[in-house]
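Notes to accompany the following structure.
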Amino acid sequence: MTEFYLSMRITHVVVGAFWVGAVVFMAFFLTPAVAEAGPDGAKVMAGLIRRKVLNIIPIVALVNIISGLWLFWRLTGGFDRTLSGTPGAMVFGTGGILAIIALHIGLLAMRRNLLKAGALAAKAGGLPDGAENAALMADAMARRKRAMRAGPIVAVMLLVTSALMAIGHYV
């Protein structure tokens, strides 16, 4: 059991670090730089989409949450109410809830909007200049902006989650 427990802890920490780092980098550095690049920024986003980054990050997040739920289950003796009410378990539980909410916001507000924006821009690229093209590009830009607004929120939630996980055993 010790080897499995340690492998779950390692998985949770390493995968969690990747998730937090990727989201923080994208929210605070990559996405603003892509926006500043104008039309050339769309090429960078298209390259990231081709490399499946918008699929990989949610999978990483899900692995992190599943391993965290298993660790929480083990810590609380199968989600025992008494053990779940201890200060440490409450800190870990709060971090876990924040992570789950962050995943939902990331999927609904970020991933969905970025994929739709990419599809709209690709469709507009195949059309001649005109009203339909302009409308598609305007919709794509609005969706990118929604995703950009959600990014820092998710990043901060994950940073708070990381801090809670770091102190959970010490409260």
Heavy-atom closest pair, residues [X] and [Y]:
{"X": "Val23", "Y": "Gly151", "result": "CG1-O, 4.4 Å"}
{"X": "Ala140", "Y": "Ala117", "result": "O-CB, 3.4 Å"}
{"X": "Leu164", "Y": "Val91", "result": "O-CG1, 3.3 Å"}
{"X": "Ala150", "Y": "Ala109", "result": "CB-CB, 3.6 Å"}

Side-chain contact test, heavy atoms from C-beta onward, threshold under 4.5 Å: evaluate it for [X] versus [Y] and give yes or no.
{"X": "Leu107", "Y": "Arg112", "value": "no"}
{"X": "Leu120", "Y": "Arg143", "value": "yes"}
{"X": "Leu158", "Y": "Val24", "value": "no"}

In terms of hydrophobic clusters joined by side-chain contacts under 4.5 Å, are [X] and [Y] together?
{"X": "Ile105", "Y": "Val160", "value": "yes"}
{"X": "Ile97", "Y": "Val171", "value": "yes"}
{"X": "Met141", "Y": "Ile49", "value": "no"}
{"X": "Phe18", "Y": "Ile10", "value": "no"}
{"X": "Ile66", "Y": "Ile57", "value": "yes"}

Would the distance check show the side chain of [X] and the main-chain N or O of [Y] forming a donor-acceptor pair, the cut-off being under 3.5 Å?
{"X": "Asn64", "Y": "His12", "answer": "yes"}
{"X": "Thr31", "Y": "Met26", "answer": "yes"}
{"X": "Asp139", "Y": "Ala135", "answer": "no"}
{"X": "Asn133", "Y": "Ala124", "answer": "yes"}

Working to the nearest 0.5 angstrom, can you tell me the gap between [X] [atom1] and [Y] [atom2]?
{"X": "Leu75", "Y": "Thr86", "atom1": "CG", "atom2": "OG1", "answer": "6.0 Å"}
{"X": "Leu98", "Y": "Met165", "atom1": "CG", "atom2": "CE", "answer": "8.5 Å"}
{"X": "Ile59", "Y": "Leu62", "atom1": "CD1", "atom2": "CG", "answer": "8.5 Å"}
{"X": "Ser162", "Y": "Trp19", "atom1": "OG", "atom2": "CH2", "answer": "9.0 Å"}
{"X": "Leu48", "Y": "Leu30", "atom1": "CG", "atom2": "CG", "answer": "5.5 Å"}
{"X": "Phe92", "Y": "Thr76", "atom1": "CZ", "atom2": "OG1", "answer": "11.5 Å"}

Evaluation steps, side chain to side chain contact (heavy atoms under 4.5 Å, CB included), between Ile101 and Met157: CA-CA 8 Å; Ile101 293 169; Met157 290 175 78; 3.3 Å; yes

Mutual orientation of the aromatic rings belonging to Phe72 and Phe79 [parallel < 30°, tilted 30-60°, perpendicular > 60°]: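 Because their plane-to-plane angle lies in the 30° to 60° range, the rings of Phe72 and Phe79 count as tilted.
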
Aromatic plane relationship, Tyr5 with Trp70 - under 30° parallel, 30 to 60° tilted, over 60° perpendicular: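 Tilted: the ring planes of Trp70 and Tyr5 meet at 30° to 60°.
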
Test side-chain hydrogen bond (donor to acceptor under 3.5 Å, both in side chains) applied to Asn55 - qualifying residues, sequence neighbours left out: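 Counting only residues at least two positions away or on another chain, Asn55 forms a side-chain hydrogen bond (donor to acceptor under 3.5 Å, both in side chains) with Arg111.
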
Verdict with supporting geometry, Asn113 and Arg144, side chain to side chain contact (heavy atoms under 4.5 Å, CB included): CA-CA 6 Å; Asn113 280 311; Arg144 280 190 196 110; over 6 Å; no

